[in-house]
Amino acid sequence: MATTTQRLLATALATALTLPAPAHATTTPTTTPTHITTYPGHTTSRYVPLGPATADHARDAGCTEARTGTNGVRILFFGTQETDHQLREPGTSHATTTPRAATTKAASYAHHWAQGFTDCRTGQTTATLALGVNNKDDGNLTGPTAGKQWATLVHDARQRSTTPAVTITGALDAEPAWSTPTWARGWIDAYTKNTTTPLHTANSADGCPTTGTAHCNNNWTLADVHHLAGGGRPTVHALPQIYRTDGIQARQWANISRWGHTHADDPLRFAGAMSQHTACQQRTCNNTDNTPRQAWTQLTDALNAHASTRIPALDTATDIRWP
C-alpha cells in the first residue's frame, strides 16, 4: 500500500481487495460467525515524503505515537524504489520532477522515530515499526534486485535501532495494478531470501473474487495474491487494506486465506487490518473511508465466517495518514 493519491483516495478502489488468516480445520462454512468483540484500538501509519522530512519531524511522529499508549504495528511508507538506491515519494508517478531521496534517509528517519517513541512513552508501550515501499516496477529495477536492496536497508536500520521499545521490520504495499505478478514475486522472494527480518504486507487484492478462484486484476491469480501476502513464509504477516465501507475487501481477503488453506494448507497470518480514515479526511475519498474499528470488525467477521480461516483474535488495527 504506498498508494497513488488519485487511486488510493478516490475512485479506483471500486474494484476489490481481500485477505486471509490461520487455522487448519474443516472447510465446512458456518452460518453464524464467531464475533470477537474486543476491539484492541489502532495505531497510526504514515506516508513519508523523505525529501522534506527532518530528524525533528521523525522524532515528533514517534513521540505522538508513544503518547497514545497503544502497542502494535506502525508502517512508514516511503514510496517507490528507483535506480541508484533512490526513493520516489508516495503518491507520485515515474514522470514526477519531485526530487528523489536516498534510501539511507529512510533508515535515518526510522532511527529518529524510534528515539522519539522511546523518549515519550509511558509505562511499557512498544511499537513494531515497519519500513515500507510499494511494488511499482517503473523504477528500472528488477523485482529481485529491489527486494534484495530493501532487505539490506531494513536489516541495517534494525541493527542501528538500539531501543527495546521499538522493533524494526520491513513492509510492502503490493497491489496488482502496479506490477506483473512475476515482478512482485521476485521482490518478496528476494527479501525473504536475504533477511530473516519479518515483513508486514499491507497489500490490496484488486478485483479478486469473494468466492471461487477467478483471477484478480492485471492477470494476478489467487495464488499470486496469497504468495505476496505471506503464503509459505512464517516471517511474513498480512495487514491488508480494508478501506471499503461495503466490506468487499474483507470478504476478498477471507477468500484468499481460504484458498491458501485448501490449496497450500496455509491460511494467511494476519497482523491486523489497515484503514485510511484519516487520509480520507485529508484528501477526498469515495466510500473507502472505513474507520479503524470498522476495518478491524469487517476483517474479523469475514475470517470467522468460515471454519478454515477462523481466528482466535486479530491484532491492533492501523490507520494511514498523509503528512
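Index from 1, following the sequence.
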Assess, by modelled atom type and distance only, whether the side chains of Thr43 and Arg74 contain a donor and an acceptor separated by less than 3.5 Å.
no

Without swapping roles, check the side chain of Thr68 against the backbone of Glu65 for a donor-acceptor pair under 3.5 Å.
yes

Rounded to the nearest 0.5 Å, what separation is found between the CG atom of Leu129 and the NE2 atom of His200?
10.5 Å

Given Gln241 and Glu175, is the side-chain hydrogen bond (donor to acceptor under 3.5 Å, both in side chains) satisfied, shown in steps?
CA-CA 10 Å; Gln241 300 172 18; Glu175 306 196 17; 3.0 Å; yes

Would you check, one step at a time, whether the test side-chain contact (heavy atoms from CB on, under 4.5 Å) holds for Leu172 with Val236?
CA-CA 10 Å; Leu172 175 65; Val236 180; over 6 Å; no

Are Thr163 and Val166 close enough, and set up right, to give a side-chain contact (heavy atoms from CB on, under 4.5 Å), and what steps lead you there?
CA-CA 6 Å; Thr163 169; Val166 178; 4.0 Å; yes

State, yes or no, whether a side-chain contact exists between Leu228 and Trp187 at a heavy-atom distance under 4.5 Å.
no

Full working for side-chain hydrogen bond (donor to acceptor under 3.5 Å, both in side chains) between Asn290 and Ser275
CA-CA 6 Å; Asn290 267 342; Ser275 61; over 6 Å; no

Nearest 0.5 angstrom please: Phe77 CZ to Ser45 OG, how far?
6.5 Å

Counting only N and O atoms by type, is there a donor-acceptor contact under 3.5 Å from the side chain of Trp183 to the main-chain atoms of Leu141?
yes

Pair Asp289, Thr245 - check side-chain contact (heavy atoms from CB on, under 4.5 Å), show working.
CA-CA 7 Å; Asp289 58 346; Thr245 55; 3.4 Å; yes

Quick one: closest heavy-atom pair of Thr318 and Leu239, and the distance?
CG2-CD2, 3.6 Å

As an exercise, state the distance from NE2 of His111 to CZ of Arg59, rounded to the nearest 0.5 Å.
8.5 Å

Report yes if the side chains of Asn304 and Ile311 come closer than 4.5 Å at any heavy-atom pair, otherwise no.
yes

Can any side-chain N or O of Arg100 pair as donor or acceptor with the backbone N or O of Glu82 at less than 3.5 Å?
no

Compare every heavy atom of Asn71 with every heavy atom of Thr316, then report the nearest pair and how far apart it is.
OG1-O, 3.3 Å

Quick one: does Trp322's side chain get under 4.5 Å of Pro49's, heavy atoms only?
no

With a 6.0 Å cut-off on the ring centroids, do Trp113 and Tyr109 count as close?
no

Closest non-hydrogen contact found for His237 with Ala271 is CB-CB, 3.9 Å

Interatomic spacing from NE2 in His227 to CZ in Arg185 - rounded to 0.5 Å
4.5 Å

Would you find a donor on one side and an acceptor on the other, under 3.5 Å apart, between the side chain of Asn218 and the backbone of Trp178?
no

Pair Asp246-Arg244, salt bridge (charged side-chain N to carboxylate O under 4.0 Å, His left out): steps then yes or no
CA-CA 5 Å; Asp246 58 13; Arg244 286 179 51 152; 2.5 Å; yes

Does Leu87 offer a backbone N or O that forms a donor-acceptor pair with the side chain of Gln81 under 3.5 Å?
no

Can Ser179 and Asn135 be counted as having a side-chain donor-acceptor contact under 3.5 angstrom?
yes

For His226 and Asp266, indicate whether the former's side chain and the latter's backbone hold a donor-acceptor pair under 3.5 Å.
yes

Trp296 side chain vs Pro40 backbone, donor-acceptor pair below 3.5 Å:
no

Hey, does the side chain of Thr192 reach the backbone of Asp189 with a donor-acceptor pair shorter than 3.5 angstrom?
yes

Could you go through the side-chain contact (heavy atoms from CB on, under 4.5 Å) check for Thr54 and His57 one step at a time?
CA-CA 5 Å; Thr54 65; His57 175 271; 3.5 Å; yes

Atom pair CG (Leu199) and OG1 (Thr235), whose distance is rounded to the nearest 0.5 Å
7.5 Å

Side chains of Trp150 and Thr195, heavy atoms from C-beta outward: is any pair under 4.5 Å?
no

Classify the side-chain pair Asp319/Thr278 by whether it contains a donor and acceptor separated by less than 3.5 Å.
yes

Checking side-chain polar atoms at under 3.5 Å, does Thr142 have a donor or acceptor matched by the opposite partner on Thr145?
yes

Do Thr103 and Gln149 come close enough that some side-chain heavy atom pair is under 4.5 Å?
no

Between Asp206 and Ser204, a side-chain donor and acceptor under 3.5 Å
yes

Strictly distance-based, threshold 3.5 Å: is any side-chain N or O of Thr92 a donor or acceptor partner for the main-chain N or O of Glu89?
yes

Does the side chain of His261 come under 3.5 Å of the side chain of Asp265 through a donor N or O and an acceptor N or O?
no

Shortest non-hydrogen separation from Leu222 to Ala214 and the atoms involved:
CG-O, 4.0 Å

For Cys285 and Thr288 the tightest heavy-atom approach is CB-OG1, 3.5 Å

For His215 and Thr221, run side-chain hydrogen bond (donor to acceptor under 3.5 Å, both in side chains): C-alpha distance rounded to whole Å, both residues' side-chain angles, the deciding distance at 0.1 Å, then the answer.
CA-CA 5 Å; His215 280 200; Thr221 65; 5.7 Å; no

So, Thr98 versus Thr96: side-chain donor-acceptor pair below 3.5 Å or not?
yes

Residues Ala66 and Thr125: closest non-hydrogen pair is O-CG2, 4.5 Å

Quick check for you: to the nearest 0.5 Å, what is the distance between Ile75 atom CD1 and Thr44 atom OG1?
12.0 Å

Between Thr152 (side chain only) and Lys148 (backbone N and O only), is there a donor and an acceptor less than 3.5 Å apart?
yes

